[in-house]
Structure formats: C-alpha cells, structure tokens
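So the structure is just underneath, and the comments pick up after that.
All heavy atoms count here, side chains included; hydrogens, waters and symmetry mates do not. We name chains A, B, ... by the order of the sequence lines, and we start the count at 1 in each one.
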Protein chains: 2
Amino acid sequence: MSPSPVIEDTLKTIYHLQQEAGPPVGTSAIADRLDKAQATVTSTLDRLEDQELITREPYQGCELTDKGRTVAVEVLRHHRLLETYLADHLDYPWEQVHEEADRLEHHISEEFERRLAETLENPRRDPHGDPIPGEDLEPPNQDPMTPLSACEVGDRVVITRVSDRNEDDLAYLADVGITPGTAVHIVDVAPFGMITLDVDGTEQAIPEEVATSIRVTSLNDVDDSVSVDHRGDA
Amino acid sequence: MSPSPVIEDTLKTIYHLQQEAGPPVGTSAIADRLDKAQATVTSTLDRLEDQELITREPYQGCELTDKGRTVAVEVLRHHRLLETYLADHLDYPWEQVHEEADRLEHHISEEFERRLAETLENPRRDPHGDPIPGEDLEPPNQDPMTPLSACEVGDRVVITRVSDRNEDDLAYLADVGITPGTAVHIVDVAPFGMITLDVDGTEQAIPEEVATSIRVTSLNDVDDSVSVDHRGDA
DNA sequence: GTATTAAATTAGGGTAGGCTAAATTATGAC
DNA sequence: GTCATAATTTAGCCTACCCTAATTTAATAC
Ligand SMILES: [Mn+2]
Ligand SMILES: [Mn+2]
Ligand SMILES: [Mn+2]
Ligand SMILES: [Mn+2]
C-alpha cells in the first residue's frame with residue numbers, strides 16, 4: 001500500500017526536525033508541528049515502526065530509516081515541484097502556493113510528477129528558494145544559510161530562502177520586494193532586533209522574528225546555486 | 001466539513017446512474033460501479049442520508065437531493081476541467097487523463113478550480129467530448145446522442161463523445177483517429193455488429209461493444225455545441 | 001538519593017470506511 | 001396465494017485516525 005497522507009506528513013515532519021536538531025526526534029515536537037495530540041502521534045509512530053519507516057527507542061524519540069527518508073524526500077519533491085508549478089504556470093500568488101501544495105503533494109501520481117518536472121525544465125529551487133530534490137530522491141544539500149537576523153549594519157547580501165510557513169508574512173515580504181534573488185543592504189539594526197534594509201532604494205523595517213526566517217548569502221562570496229533575480233517581480 | 005472522497009464518489013455515481021436510468025438508484029448498482037461490497041454502500045448511504053445529500057426509501061433505492069446533486073456536479077466540474085488541463089497543458093495522453101483526474105478531483109481547492117478554468121478559457125467540453133458544468137453548477141444539458149452502434153451504412157456523422165471508462169479502448173481509438181470532432185462515414189455494418197468506418201480515407205473496423213460507447217451527431221443537422229476538429233490529432 | 005516535572009505511553013472511547021455472513025424484504029413465476 | 005430468488009439491510013468484526021485522562025518513565029534540581 002502506498003502511504004496515507006497522515007503517514008507522509010509525519011515522515012516529512014520528522015525529516016524537517018532531524019535537519020533542524022538531529023535525531024532522535026521527540027513525540028511532542030512532532031505533535032506540535034502537526035497540531036495533533038501527543039497520544040495520536042504515539043500511535044502513528046507505532047504504525048511507522050511496523051512499516052520500518054522509523055526506528056524508535058521507547059521514551060527517547062525516533063529516527064527515519066533509509067526507507068522512511070526516501071518517502072519523506074519524495075513528498076518534499078512533490079511539494080516543491082507543485083509550488084513552483086502553481087506560481088509559474090497557474091499564476092498563484094507567492095503566499096498561497098504552500099497550502100495548495102501541502103494537500104496535493106499526497107495525491108499526484110509519479111506520472112504527474114514527471115510531467116511537472118519536464119514542463120518546468122527540472123527546476124532546482126521552489127518559489128521560496130528551497131532546493132527541490134532530484135528524481136534520485138537524494139536529500140538535497142543543506143547549503144550554508146545565514147539568517148538575516150545575524151547580519152550587521154553595512155552588509156550587502158542576497159536573499160536566498162524565505163520560510164514558507166506564514167502566509168501573512170510572505171504576502172508582506174512579497175509586497176515590499178523581499179523574495180529569493182533580491183540583493184539588499186542592511187541599513188540599521190536596532191537594539192530590540194528591528195532590522196532596516198535597503199531594498200532597491202527603499203528602506204524597509206523588519207521585526208527580528210521575521211528576519212530569523214529569512215536566509216541570505218553575502219554578496220562577497222556569491223553562491224552560484226542561487227541566481228540573483230531568478231524571479232523578478234513583486 | 002467538506003465531503004470526503006468516499007462521499008463524493010458515491011454522489012457522483014448516483015448522479016450518473018440517475019441520468020442513465022432515473023431514480024430510484026439501487027444499492028447494488030452503486031456497489032458494482034464503485035467496486036465495493038453492498039453492505040459497505042448501505043452504510044455509506046446511511047451517512048449520505050444523515051447529511052441530507054440523498055433521500056431514501058428502505059429496500060427501494062435512493063435519489064439525490066438538490067444539495068447532493070450540487071456536490072456531484074461540482075466534482076464532475078473538477079474532473080472534466082482537470083482532464084482538459086492534463087491533456088492540453090501537461091501533454092497527457094488521452095487515455096491517461098481519466099485516472100489522474102478521478103483522484104485529484106477530490107483534492108483541489110476552489111481557487112485551483114478557478115485558475116484551471118481561467119487558464120483554459122472556460123472550456124465547454126472535456127477531451128472525451130463530455131460537457132463541463134459551469135461555475136453555477138447547473139447540471140449540464142444532456143445533448144441528443146446517437147450511439148455509433150445505431151448508425152446505418154452510408155451515414156456521415158461527427159464523433160461527439162467517447163466514453164472515458166476503458167483505457168485500452170481509448171488508446172486504440174486515439175491511435176486510429178476516432179476522437180471527438182472527427183467526421184466519419186459508415187462503410188459497412190456486419191450482421192454480428194462489427195462496424196466499418198471511413199476515417200480520413202482509412203477504413204477502421206470497430207466491435208459493436210465499443211461502438212455503443214461512442215456517440216455521434218449526423219452531419220445533416222450539425223449541432224453547434226460540438227465543433228468539428230476541436231482537437232485535431234492522433 | 002529524593003522530589004519535581006516534563007515527556008511519553010497506555011487506557012478507553014469515538015467516527016469513517018472497509019469486509020463477510022446472516023437475516024430480511026420485495027418481486028416475479030407459477 | 002405460495003415460493004424461489006434477488007436485493008437489501010443487519011450483525012459483527014476489522015483498521016486507521018482522532019481525542020482526553022490517567023499512568024509511567026526520564027531527567028533535573030536540590
Ligand atoms: Mn513522486
Ligand atoms: Mn516552499
Ligand atoms: Mn473522465
Ligand atoms: Mn469547485
């Protein structure tokens with residue numbers, strides 16, 4: 001049987017948490033992300049273990065098996081190809097692609113995936129700057145990412161990734177022109193974390209909370225994996 | 001709560017059966033179409049009745065309410081828009097669109113539906129020649145349809161609809177050029193039902209079974225709801 | 001080492017959606 | 001009218017997911 005949406009979402013969440021903090025991944029961290037009760041996650045993990053998608057130490061947490069990681073990466077590929085397609089071919093606004101992709105990622109066929117990739121000419125990054133896993137389903141490299149919140153006054157950087165989680169923040173950032181590929185210049189860092197940027201000649205202030213979810217690369221050592229202005233719009 | 005795939009598929013099946021034979025629709029007819037046990041359908045119909053999507057007479061069968069019909073037509077709109085999009089924009093082969101659309105129809109948002117319709121410029125018919133319900137979700141008109149099996153030698157007709165059910169038959173028909181919009185000429189009707197057609201100068205023989213699932217319009221009284229050659233390929 | 005506390009699991013219960021096998025009901029043949 | 005048959009429902013069982021409340025375990029403070 002092919003994995004259900006619940007199984008796929010749980011694997012995807014474990015994958016993200018492993019990348020953020022490494023294994024083992026705790027039950028409540030998963031429950032928080034999925035907005036489910038802890039007991040619900042415990043019983044889901046039982047099924048994942050039966051299917052050899054994770055290994056588990058009672059009361060200690062879990063870790064993806066190779067099989068589990070491959071399923072997670074496949075879902076991630078679906079998600080990011082869909083986001084890219086929705087934005088590029090169906091004219092979806094930047095901030096709306098995540099929600100639609102998060103549902104459809106569980107329901108498209110392999111044929112659909114192939115045709116998306118082909119039509120898009122095998123894109124490497126989604127609209128938020130996140131790397132799209134290849135057909136081989138190898139986990140994408142974690143490229144070096146500096147949070148915007150760690151920048152100092154005077155730095156010139158290029159936006160490389162913007163977290164796709166909060167729809168309102170994304171709408172705001174798109175509105176002021178802060179999207180992957182945009183070059184910016186840090187004008188001011190206030191004591192409580194407000195960061196002021198120069199974006200195409202206009203100054204924009206951003207709360208630290210939001211700045212944490214924005215990743216940048218210094219313009220001094222440009223990383224060719226992200227092209228400047230690969231999507232040039234508002 | 002928005003209806004589950006099982007609820008939607010059951011409503012869609014009742015809708016089709018009502019159009020073919022009129023209400024009341026029996027439990028086993030639904031079970032046959034959905035490839036489920038009769039008892040499974042009985043309990044699904046219980047839920048449909050609770051939700052006021054059907055009315056039911058014990059042991060007699062069921063009928064869609066207005067609410068139930070609207071849900072069925074909405075799913076039908078999703079299905080046919082998706083089929084059209086897959087064929088026209090993702091280069092799906094004719095015979096593969098049905099299966100993919102049959103899954104995705106339950107998972108796209110209203111936003112996705114709108115953007116499909118817009119990108120396709122509000123198409124009236126899907127790749128099989130079936131009418132696509134409008135945004136208003138009125139049931140599409142049943143246009144007069146003669147089965148190809150009822151034609152006589154010498155008739156000149158235009159293919160208007162081809163049942164989307166059998167993938168192998170569809171692949172064959174596409175291969176020999178029998179698709180909606182094609183004008184053909186009946187050359188021979190053999191006693192056991194084999195029908196020979198002239199398609200663009202080439203003769204093609206078709207078993208009666210298949211001919212039953214092909215609908216045509218006489219070239220004498222052309223129905224403007226179907227344009228000749230609106231998809232001109234193999 | 002013991003007490004506190006947070007995390008995790010277990011216990012118990014609910015709904016949707018599946019099944020088979022056993023009743024029940026309607027219907028057409030005679 | 002009775003009987004056989006087919007359609008339908010009921011009974012009883014299962015799994016996947018979901019929850020809250022109670023319990024158990026691990027980790028930390030002291
Ligand atoms: Mn895939
Ligand atoms: Mn994304
Ligand atoms: Mn179809
Ligand atoms: Mn819709």
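The one candidate from A:His98, A:Glu100, A:Glu83 that meets the side-chain hydrogen bond (donor to acceptor under 3.5 Å, both in side chains) condition with A:Tyr92 is A:Glu100. Residue A:Leu64 is tested with A:Leu17, A:Leu48, A:Ile14 for a side chain to side chain contact (heavy atoms under 4.5 Å, CB included); the sole match is A:Ile14.
Which of C:dT9, D:dC17, C:dT20 sits closest to the side chain of A:Thr42 comes down to C:dT9. The nucleotide whose nearest atom lies closest to any side-chain atom of B:Ala39 is, among C:dA21, D:dT20, D:dT8, C:dA21. Looking at the side chain of A:Arg47, the nearest of the listed nucleotides C:dA7, D:dA16, C:dT10 is D:dA16. Taking every side-chain heavy atom of B:Tyr59 into account, D:dT8 is the closest of D:dT20, D:dT8, D:dC18.
For the OP1/OP2 pair of C:dG17 and a distance below 4.0 Å, the side-chain nitrogens and oxygens of B:Lys36 include no atom meeting the criterion. In this model, the phosphate group of D:dT9 is approached by a side-chain N or O of B:Arg56 to a distance below 4.0 Å at OP1 or OP2. For B:Ser28 and D:dT8, the shortest distance from a side-chain N or O to OP1 or OP2 is below 4.0 Å. For D:dT9, one of the phosphate oxygens OP1 or OP2 lies less than 4.0 angstrom from a side-chain nitrogen or oxygen of B:Thr27. For C:dG17, the OP1/OP2 oxygens have a side-chain nitrogen or oxygen of B:Ser4 closer than 4.0 Å.
Note: CD (B:Gln51) to C1' (C:dG17) measures 13 Å, nearest angstrom. Atom CD of A:Glu49 and atom P of C:dA8 are 15 Å apart (whole Å). Between the C1' atom of C:dA7 and the CG atom of A:Asp32 lies a distance of 11 Å, rounded to the nearest Å. Rounded to an integer number of Å, the gap from CD of A:Glu57 to P of D:dT24 is 21 Å. Here C:dA8 presents its P atom at 9 Å from CD1 of A:Ile30, a figure rounded to the nearest Å. Distance, A:Glu8 CD to D:dA16 C1': 15 Å, rounded to whole Å. Distance CG (B:Asp46) to P (D:dA11): 12 Å, rounded to an integer number of Å. Rounding to whole angstrom units, CD of residue A:Gln38 and P of D:dA21 are separated by 14 Å.
When the nearest nucleotides of DNA chain D are assigned to A:Gln60 and A:Val6 by heavy-atom distance, the more 5′-ward of the two goes with A:Val6.
A pairwise comparison of heavy atoms in A:Thr179 and A:Ile159 identifies O-CB, 3.5 Å as the closest pair.
Using a 4.0 Å cut-off between a side-chain N of Lys or Arg and a carboxylate O of Asp or Glu, B:Arg80 and B:Asp164 do not qualify as a salt bridge. Electrostatic pairing of A:Glu20 and A:Arg33 counts as a salt bridge here, judged by a charged N lying under 4.0 Å from a carboxylate O.
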